[in-house]
Amino acid sequence: MRIAVTYENGMIFQHFGHTAAFKLYDAENGAVLSAAVVPTGDSGHGALAGFLAAQRVDALICGGIGGGARTALAEAGIRLYGGVSGEADEAVKALLAGTLAYDPDVHCDHHAHEHREEAHTCGSHGCGEHACK
């Protein structure tokens, strides 16, 4: 099984469409065999599902994610574990142990407006016009 996690500085990056890297884990029989950080090459929202499919990813752990990306992942056969925060390695261990707490209905509905903040990321917050849940 290959697991991808939106990744930044050891943590789960909280906005799928803006992640600059994924940490990819190869696992078998409930154990991680190898892991590597792979840059996305500035791929945007739409291209990231294809990027993951090309990497032969079976499952994705992330924070917030929009509806279009959810659909693209489903079409690629990639299982989504969204609404997760914290350390990437710990989340993968929890997934493999069957104890990962995630939100099957996670969504980010802010894509209809532009942000005024320079370093905006989505987490479990609202900024007046949107919310990532």
Going by chain and number, the hydrophobic cluster around Y7 (ILVMFWY, side chain to side chain under 4.5 Å) further includes V37

Do you reckon L80 sits in the same ILVMFWY cluster as L100, going by side-chain contacts under 4.5 Å, direct or chained?
no

Given side chains that start at C-beta, do those of S85 and I12 come closer than 4.5 Å, heavy atoms only?
no

Here the pair of heavy atoms bringing D105 nearest to D103 is N-OD1, 2.8 Å

Same cluster or not: are M1 and V32 linked, directly or through other Ile, Leu, Val, Met, Phe, Trp or Tyr residues, by side-chain heavy atoms under 4.5 angstrom apart?
yes

In terms of hydrophobic clustering (I, L, V, M, F, W, Y; side-chain heavy atoms under 4.5 Å; direct or indirect links), are V84 and I78 co-clustered?
no

Listed pairs under 3.5 Å, donor-acceptor, residues 55-64 side chains, sequence neighbours left out:
unit_1, atom_1, unit_2, atom_2, d
D58, OD2, R2, N, 2.7

Looking at T6, is its backbone amide N or carbonyl O close enough to the side chain of E8 to form a donor-acceptor pair, meaning the two atoms are under 3.5 Å apart?
no

Could you list all the ring pair (Phe, Tyr, Trp, His ring centres under 6.0 Å) pairs where at least one residue sits in residues 71-99, not counting sequence neighbours?
Y81-Y102

Do F22 and F13 touch side chain to side chain, with heavy atoms closer than 4.5 Å?
no

Which atom names give the shortest non-hydrogen contact between T40 and T19, and what distance separates them?
OG1-O, 3.2 Å

Begin with the C-alpha distance, continue with both residues' side-chain angles, and end with the deciding distance and a verdict on side chain to side chain contact (heavy atoms under 4.5 Å, CB included) for L52 and F16.
CA-CA 12 Å; L52 293 175; F16 173 78; 3.9 Å; yes

Below 3.5 Å, can you tabulate the donor-acceptor pairs from side chains in residues 88-99 to any protein atom, sequence neighbours excluded?
unit_1, atom_1, unit_2, atom_2, d
D89, OD1, K23, NZ, 2.9
D89, OD1, Y25, OH, 2.5
E90, OE2, K93, NZ, 3.4
T99, OG1, A94, O, 3.4

